[in-house]
Number of protein chains: 2
Amino acid sequence: MTINTNIVHKTRTQVVLEALRERILSGDIAAGTPLRQSALASELNVSRIPVREALLQLESEGLVNFEPHKGATAAGLCAEQAQELFELRALIETDLLAKSIDKMTQDHFDIAQKLLDKLEASLHQPDSSNTWSSLNTAFHASLYVAANRTSTMEIVQNINSNCDRYVRLHLLHLGSFQDADKQHQQLLDFCKARDKKAACELLHQHLLGSASEIVELVLRQTK
Amino acid sequence: MTINTNIVHKTRTQVVLEALRERILSGDIAAGTPLRQSALASELNVSRIPVREALLQLESEGLVNFEPHKGATAAGLCAEQAQELFELRALIETDLLAKSIDKMTQDHFDIAQKLLDKLEASLHQPDSSNTWSSLNTAFHASLYVAANRTSTMEIVQNINSNCDRYVRLHLLHLGSFQDADKQHQQLLDFCKARDKKAACELLHQHLLGSASEIVELVLRQTK
DNA sequence: AAATGGTAAGTTGTATACAAAAAAAGAGTC
DNA sequence: GACTCTTTTTTTGTATACAACTTACCATTT
């Protein structure tokens with residue numbers, strides 16, 4: 001009868017956290033919107049406690065600004081931040097990729113390819129922006145797992161979570177990322193060929209290219 | 001003449017947060033120790049709510065592992081993590097330094113020098129490990145502010161907060177960091193001379209050198 | 001009108017109380 | 001004794017209630 005048989009006891013805090021994160025990332029909650037605890041609580045049918053805890057976690061993820069006694073707001077979009085985050089990704093992810101390439105096995109390639117296929121398929125669907133972004137993150141991550149760098153990956157995922165907002169904005173305005181998909185496939189091919197230099201170079205360009213487009217978009221948006 | 005009090009009322013959550021962070025960083029609360037909410041609450045004369053919120057924030061800082069329904073524990077020390085974090089710092093901080101050096105003014109040099117003097121002075125005091133580490137972090141940060149990279153600095157500070165535990169352990173076992181201080185002065189001198197290459201090279205060595213000593217120490221500790 | 005001051009309303013912060021889950025302790029079986 | 005299943009205890013999760021802070025409003029004063 002119940003659909004959620006294998007869902008194991010999510011706390012309300014987690015439910016609220018995921019709901020709010022998605023709403024902010026998707027733009028459903030616009031940048032700068034004040035996030036009133038009681039309003040969110042009654043809207044999500046919980047008390048203020050889980051809402052507060054979720055907001056606190058979102059603050060540490062950088063998606064929310066939480067000021068004591070004042071309240072929380074959805075973090076604003078900022079061109080400088082976007083530029084910095086993507087440059088940081090370029091720096092760290094090329095390093096990860098360089099460390100990963102030699103260790104990648106056929107299994108890693110297969111997993112990455114499967115994600116890439118899904119990514120491409122998602123573009124042809126109407127409701128793509130929801131899924132494209134997380135698949136994009138997953139694809140990138142799949143190229144680095146062989147480096148076996150748990151702590152680094154955790155930090156990268158965190159940075160990515162922030163980039164997500166900008167990527168979704170980007171996608172929303174462009175309609176599709178055909179260039180990105182082409183670059184992704186090429187990137188994976190370079191990995192398969194173990195061409196470290198070419199792969200890192202391409203990844204670097206891929207990220208900085210996104211950055212400059214996004215920065216321009218944000219500047220226009222927030223002006 | 002209104003006395004605009006910049007002294008804001010600290011919430012109990014913040015007080016608990018700082019108290020617990022310091023205890024974990026200093027080793028007063030050992031790695032792996034279970035952190036019982038009620039125990040901490042009564043010990044700090046607050047209710048469990050601020051304790052929970054502080055634990056949640058410490059989890060996002062990486063100092064605590066928080067498992068739903070199970071409870072929180074002080075995060076364990078891990079050689080791999082230390083290695084990764086210091087390598088990451090080397091990667092990001094050398095990049096920051098390279099971007100910063102050309103923009104540094106006399107003011108920046110003065111501030112850095114002042115921090116360095118304090119750092120050196122702190123070594124001659126009995127209770128050094130408390131202050132040395134935060135001064136060390138501040139000194140490093142002072143070299144990068146000119147790069148004017150807010151978001152990047154935020155992430156660096158976060159990584160540093162995790163490194164702190166390892167640095168303090170290091171200091172505790174070595175008794176002093178005379179080498180580090182010598183390297184710090186040399187680093188600042190390179191900055192003053194605008195010798196980007198030498199400064200970055202030294203910073204890189206400085207961080208990786210610490211890393212290898214710390215890794216060895218942690219391996220011995222946790223064995 | 002601008003500034004001051006002081007209430008009132010709204011929002012956040014935290015203590016308390018209770019519900020739910022996990023861990024620990026017994027009771028019975030093999 | 002080891003194992004399973006129940007029962008008890010401990011610990012965490014969350015709703016509610018109230019206290020503390022901030023802001024907005026209005027009266028008073030200059």
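Side chains included, hydrogens not; waters and symmetry mates left out as well; all remaining heavy atoms used. Just so we're on the same page: letters track the sequence lines, and every chain starts at 1. Note that the coordinates shown come from a computational prediction; the quantities given were computed from them, not determined experimentally.
- In this structure, B:E53 places its CD atom 13 Å from P of C:dT12, rounding to the nearest Å.
- C:dT12 atom P lies 16 Å from atom CD1 of B:I49, rounded to whole Å.
- Out of D:dA15, D:dT14, C:dA15, the shortest distance to the side chain of A:V46 is found at D:dA15.
- Summarising the geometry, the separation between CZ on A:R48 and P on D:dT16 is reported as 12 Å, rounded to the nearest angstrom.
- DNA chain D is contacted by A:H69, A:K70 of residues 59-71 of chain A, taking any non-hydrogen atom closer than 4.0 Å.
- Taking the side chain to side chain donor-acceptor pair (under 3.5 Å) definition, one finds that A:E43 meets it with A:R23, sequence neighbours left out.
- We find that CZ of B:R52 is positioned 17 Å from P of C:dT16, with the value rounded to whole Å.
- Residues that satisfy the side chain to side chain contact (heavy atoms under 4.5 Å, CB included) test with A:A138, not counting sequence neighbours, are A:L115.
- For B:F177 and B:H184, the gap between ring centers reaches or exceeds 6.0 Å.
- Applying the salt bridge (Lys or Arg N to Asp or Glu O under 4.0 Å) rule to pairs touching residues 146-172 of chain B yields A:E87-B:R149, B:E22-B:R168, B:D164-B:R168, sequence neighbours excluded.
- Taking 4.0 angstrom as the limit, B:S47 places a side-chain polar atom (N or O) nearer than this to OP1 or OP2 of C:dA15.
- Taking atom CG of residue A:N45 and atom P of nucleotide D:dT14, one finds them 14 Å apart after rounding to whole Å.
- Not counting sequence neighbours, the partners of A:Q113 by the side chain to side chain contact (heavy atoms under 4.5 Å, CB included) test are A:L116, A:D117, A:Q185, A:L188, A:K192.
- Using a 4.0 Å cut-off, no side-chain N or O of A:T11 falls inside it from OP1 or OP2 of D:dT12.
- In terms of the side chain to side chain donor-acceptor pair (under 3.5 Å) criterion, residue partners of B:R48 (sequence neighbours excluded) are, by chain and number, B:Q37.
- For the OP1/OP2 pair of D:dA15 and a distance below 4.0 Å, the side-chain nitrogens and oxygens of A:R12 include at least one atom meeting the criterion.
- Remark: nothing in residues 31-41 of chain B comes within less than 4.0 Å of DNA chain C through any heavy atom.
- Not counting sequence neighbours, the partners of B:S60 by the side chain to side chain donor-acceptor pair (under 3.5 Å) test are A:S60.
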Side-chain donor-acceptor contacts of residues 62-81 of chain B below 3.5 Å, not counting sequence neighbours, with atom names and distances?
{"from": "B:Q81", "atom 1": "OE1", "to": "B:Y166", "atom 2": "OH", "distance (Å)": "2.6"}

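- Taking each heavy atom of A:S151 and B:E84 in turn, the nearest pair found is N-OE1, 3.1 Å.
- Among residues two or more places apart in sequence or in another chain, the side chain to side chain contact (heavy atoms under 4.5 Å, CB included) test is passed with B:Q221 by B:L169, B:H173.
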Could you go through nucleotides 5-10 of chain D and list every protein N or O atom that sits under 3.5 Å from one of its N or O atoms, giving the distance for each pair?
none

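- Qualifying side chain to side chain contact (heavy atoms under 4.5 Å, CB included) partners for A:S47, counting only residues two or more places apart in sequence or in other chains: A:I49, A:P50.
- Protein atom CG of B:L56 is 14 Å distant from nucleotide atom P of C:dG13, rounded to whole Å.
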